[in-house]
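As structure tokens, the structure follows; a few thoughts come after it.
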Amino acid sequence: AAAHDRRALRAAALAGFAAWLWADLIGAQTHLRLLPRDIDAYYARYAPLLDGLRARQGLDRTYLSTTARGDDPLPYFSDLGNAGLAHRLYQVDSYAGGVAWRRLETFLGELGGLPPPRPGQLEARLGHVPLHLTTDNLPRFNLLGARFVLTAAGDEARLATPQVLAGWQVIDRQARVVLYENPTALPRAFLVDSATPAASPEAALQALAHVDLARQAVIEAPLVPPFPSRPSGSDQAGTVAIAHYAANRVALEVVAQRDALLVLTDQHFPGWRATLDGNAVPIARANYLFRAVRVPSGTHRIEMRYAPRALQLGALGSAVGGLIALGLLVRRPRAGGAA
């Protein structure tokens with residue numbers, strides 16, 4: 001009887017532990033509504049403004065001029081710290097905007113009125129670089145496709161000079177924040193007909209300050225065959241329409257007036273592959289951050305897909321492993337194998 005009681009006690013303890021573990025795992029997926037994004041009034045405080053921005057944005061990006069100050073109406077340490085995901089915006093300084101962080105931080109540091117944050121500083125840990133825009137560095141900001149800028153009302157002098165602000169248009173204002181439109185921002189994809197070579201990433205970054213970024217691209221690796229370096233002209237190299245845009249696939253319809261480079265201001269990263277009218281073509285790193293594909297004159301369709309070799313090898317290994325496991329399951333025992 002005692003042995004039976006001990007077995008029953010162990011079984012009850014095991015069942016209780018399993019129930020507690022299951023409840024803990026399920027309960028861990030919820031929280032006590034302590035996150036700002038889940039406090040309805042806080043989360044919705046800029047809803048009309050951000051709804052209007054989403055309706056306008058297309059594939060253009062937004063820069064949120066925020067700080068880590070507690071009294072800032074746009075505090076970075078809040079739902080606005082990741083507005084790309086929380087509010088479905090394409091941000092300048094966010095993975096959701098199509099550009100990853102390491103090179104981007106250096107790029108944005110060149111546009112800052114303050115030195116880039118040192119490791120350990122709050123804004124550095126959160127991935128935000130404060131900018132100060134002037135007529136000199138505005139073309140590099142425009143290269144990011146930053147058509148919209150959201151900043152605290154009355155705090156614009158920290159963000160940009162009066163000359164820059166004079167070229168922007170106020171399109172919305174709410175309480176303590178103001179939304180500007182930057183009409184000189186470049187589109188997400190465009191054509192250029194001149195390439196400037198750079199011997200290193202550092203040289204490419206410095207060259208961006210000295211070329212017409214709407215008509216020239218700075219290329220880190222030589223193009224084969226070499227692409228001409230022409231003086232900037234007044235006529236456009238052609239037109240680009242984005243037919244499909246997703247996280248791992250972009251399709252573009254291009255009409256090139258002459259041989260050109262298609263510049264897509266999304267992150268250059270290993271694993272992206274391109275086709276021109278169905279034929280594989282190389283992707284060059286353009287303007288320190290982005291992707292470029294050489295395009296002959298005429299009408300063409302370019303597709304870029306994210307298909308890293310590691311993913312393909314992993315899928316192949318999984319398929320082989322699955323077939324082996326299936327073979328083991330359905331294998332018949334040899335005759336006479338049973339006792």
Side-chain angles (χ1 to χ4, degrees), residues 36-37 39-99 104 107-108 111-114 123 126-135 137-190 214 242 245 265-266:
R37 64 166 189 240
I39 301 173
D40 294 340
Y42 182 88
Y43 186 71
R45 67 199 188 286
Y46 297 132
L49 186 149
L50 296 176
D51 289 346
L53 175 54
R54 279 195 303 276
R56 293 171 177 264
Q57 74 175 349
L59 292 175
D60 294 318
R61 295 187 176 97
T62 297
Y63 177 71
L64 274 68
S65 180
T66 67
T67 72
R69 301 194 313 254
D71 62 342
D72 196 309
L74 298 171
Y76 193 83
F77 193 70
S78 74
D79 63 305
L80 297 175
N82 200 0
L85 296 176
H87 297 287
R88 303 192 304 281
L89 302 178
Y90 291 110
Q91 279 185 264
V92 165
D93 52 350
S94 164
Y95 288 101
V99 186
L104 180 61
F107 184 99
L108 293 176
L111 309 182
L114 301 173
E123 289 181 357
L126 295 176
H128 180 68
V129 176
L131 305 186
H132 184 71
L133 302 174
T134 68
T135 53
N137 64 27
L138 182 63
R140 282 167 281 168
F141 182 70
N142 290 341
L143 182 61
L144 294 166
R147 183 177 157 208
F148 302 102
V149 178
L150 187 63
T151 187
D155 208 16
E156 291 91 342
R158 177 176 58 85
L159 168 66
T161 63
Q163 293 84 354
V164 171
L165 292 170
W168 293 354
Q169 302 166 3
V170 176
I171 58 173
D172 205 345
R173 188 185 297 271
Q174 178 180 330
R176 299 169 59 196
V177 301
V178 58
L179 177 64
Y180 287 94
E181 183 172 5
N182 169 22
T184 59
L186 291 173
R188 181 69 69 100
F190 56 94
I242 298 179
Y245 188 90
T265 60
D266 280 1

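Along the sequence shown, residues are numbered consecutively beginning with 1.
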(message) Looking at Asp155 and Ala152, would you say the former's side chain and the latter's main chain have a donor-acceptor pair under 3.5 Å?
(response) no

(request) Measure the spacing between OH of Tyr46 and CG of Leu64 and express it to the nearest 0.5 Å. (result) 10.0 Å

(request) Determine, stepwise, if the pair Asp172 / Phe148 fulfils side chain to side chain contact (heavy atoms under 4.5 Å, CB included). (result) CA-CA 11 Å; Asp172 205 345; Phe148 302 102; over 6 Å; no

(request) Working to the nearest 0.5 Å, report the span between OG1 of Thr62 and NE2 of His87. (result) 11.5 Å

(message) With rounding to the nearest 0.5 angstrom, report the OG1 to CG distance, Thr184 to Asn142.
(response) 3.5 Å

(message) Using 0.5 Å steps for rounding, measure from the CG atom of Leu59 to the CD1 atom of Ile242.
(response) 5.0 Å

(message) Testing the 3.5 Å rule here: is there a donor-acceptor pair between the side chains of Tyr245 and Asp266?
(response) yes

(message) Please determine whether a side-chain nitrogen of the Lys or Arg among Arg188 and Asp60 lies less than 4.0 Å from a carboxylate oxygen of the Asp or Glu.
(response) no

(message) Looking at Gln57 and Arg88, would you say the former's side chain and the latter's main chain have a donor-acceptor pair under 3.5 Å?
(response) yes

(message) Let me confirm one number: the CG-CG distance from Leu133 to Asn137, rounded to the nearest 0.5 Å.
(response) 5.5 Å

(request) Output yes when a side-chain donor or acceptor of Arg61 lies under 3.5 Å from a complementary backbone atom of Leu144, and no otherwise. (result) yes

(message) Taking Gly154's backbone N and O only, do any of them form a donor-acceptor pair with Glu156's side chain (distance below 3.5 Å, no angle check)?
(response) yes

(request) Would you give the length of the straight line joining atom OG1 of Thr66 to atom CG of Leu150, rounded to the nearest 0.5 angstrom? (result) 9.5 Å

(request) Would you check if the side chain of Gln169 reaches a backbone N or O of Glu181 as a donor-acceptor pair within less than 3.5 Å? (result) no

(message) Using modelled atom types and a 3.5 Å cut-off, is there a donor and acceptor pairing between side-chain atoms of Arg147 and backbone atoms of Arg56?
(response) yes

(message) For Leu111, is there any backbone N or O sitting under 3.5 Å from a side-chain donor or acceptor partner on His132?
(response) no

